[in-house]
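See below for the structure under consideration.
In this chain, numbering begins with 1 at the start of the sequence shown.
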Amino acid sequence: MQDPNADTEWNDALRRHGILPAKQEKEFTEDEIVNILENTVQEKLRNDGQKRIEDMTLDELDFIEDEEDERVLEEYR
């Protein structure tokens, strides 16, 4: 049998017919998302030898955000 937790059309059909139980998805609160994001940013900055995020100006933060957006878009392309 396939993985019952996989997101497939087959498993979705089985769930609709009650053969598989409803998929349990963890919901994150806004505070959890913010903490995860801040920790990830802090970890990346520490690894690059750059300033801590608390010490950056708004212009520096904008620049970092733009660089990250460009990197993600380039990776997507």
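Between Asn11 and Leu14, some side-chain heavy-atom pair lies under the 4.5 Å cut-off.
In terms of the side chain to side chain donor-acceptor pair (under 3.5 Å) criterion, Glu9 has no residue partners (sequence neighbours excluded).
Annotation: Ile33, atom CD1; neighbour count of heavy atoms from other residues, nucleotides and ligands within 6.0 Å is above 12.
Under a 3.5 Å cut-off, the side chain of Glu38 and the backbone N or O of Asn35 do not form any donor-acceptor pair.
Expressed to the nearest 0.5 Å, how far CG of Asp31 lies from OG1 of Thr29 amounts to 5.0 Å. A distance of 11.0 Å separates CG in Leu61 from CG in Asp66, rounded to the nearest 0.5 Å.
A continuous path of ILVMFWY side-chain contacts below 4.5 Å connects Leu20 to Trp10, so both sit in one hydrophobic cluster. The hydrophobic clustering, which links ILVMFWY residues whose side-chain heavy atoms are closer than 4.5 Å, places Leu58 and Phe63 apart.
Across Glu32 and Glu27, no two heavy atoms sit closer than the pair OE1-O, 4.1 Å.
Ion pairing between Glu74 and Arg71 fails under the 4.0 Å rule for side-chain N and carboxylate O.
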